[in-house]
S.K.: 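Structure incoming, see below.
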Amino acid sequence: MMEQGKMIEQIVSFVGENRESQASVAICRRILGHYPEEMDGRTLAKLRQGLEGAGQDEIESCYYIVM
């Protein structure tokens with residue numbers, strides 16, 4: 001299984017590159033509780049922080065959404 005930190009990096013990278021995708025919307029709603037109007041660096045930092053505080057199962061679920 002991939003290291004948790006690498007999963008988080010790939011999730012945040014995917015969301016940053018595919019801001020309007022259904023996968024990005026689903027992850028933001030799941031981790032942030034909403035889909036932000038603007039997807040900027042601060043939002044991505046909040047997403048990363050939320051993922052770092054999430055459980056392993058939640059991170060794996062988000063990872064499989066984007067991969």
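Everything numeric here is computed off the predicted structure, so don't read it as measured data.
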S.K.: Using the test side-chain contact (heavy atoms from CB on, under 4.5 Å), find all partners of S21 that sit at least two apart in sequence or belong to another chain.
M.R.: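 Per chain and number, S21 pairs via side-chain contact (heavy atoms from CB on, under 4.5 Å) with F14, N18, A23, S24.
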S.K.: So, taking the atom named CD1 in I27 and the one named OH in Y63, what distance separates them when rounded to the nearest 0.5 Å?
M.R.: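 The OH atom of Y63 is 11.5 Å from CD1 of I27, to the nearest 0.5 Å.
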S.K.: If the condition is side-chain hydrogen bond (donor to acceptor under 3.5 Å, both in side chains), which residues does Q4 pass it with, not counting sequence neighbours?
M.R.: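 Result, side-chain hydrogen bond (donor to acceptor under 3.5 Å, both in side chains) vs Q4: none returned.
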S.K.: Quick test of your reading: applying salt bridge (Lys or Arg N to Asp or Glu O under 4.0 Å), list the pairs with at least one residue in residues 45-59, sequence neighbours left out, ordered by first then second residue.
M.R.: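 Sorted pair list: E9-R48, R30-E58.
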S.K.: How long is the straight-line distance from CE of M7 back to CD of Q56, given to the nearest 0.5 Å?
M.R.: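 So the gap between those two atoms works out to 5.5 Å.
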S.K.: Minimum heavy-atom separation for Y35 and R29, please, with both atom names.
M.R.: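 Taking every non-hydrogen atom into account, N-CG, 4.0 Å.
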S.K.: Listed by chain and number, what are the side-chain hydrogen bond (donor to acceptor under 3.5 Å, both in side chains) partners of E17, not counting sequence neighbours?
M.R.: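 If we apply the side-chain hydrogen bond (donor to acceptor under 3.5 Å, both in side chains) test to E17, skipping adjacent residues, the hits are S13.
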S.K.: Looking at every heavy atom in both L51 and C62, which two are closest together, and how far apart are they?
M.R.: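 Distance-wise, the nearest heavy atoms are CD2-SG, 4.3 Å.
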S.K.: If you take all heavy atoms of P36 and T43, which pair is closest and at what distance?
M.R.: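 Closest approach of P36 to T43, heavy atoms only: CG-CG2, 3.3 Å.
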S.K.: If you measure from CD1 on I59 to NZ on K6, what distance do you get to the nearest 0.5 Å?
M.R.: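 Going from the CD1 atom of I59 to the NZ atom of K6 covers 15.0 Å.
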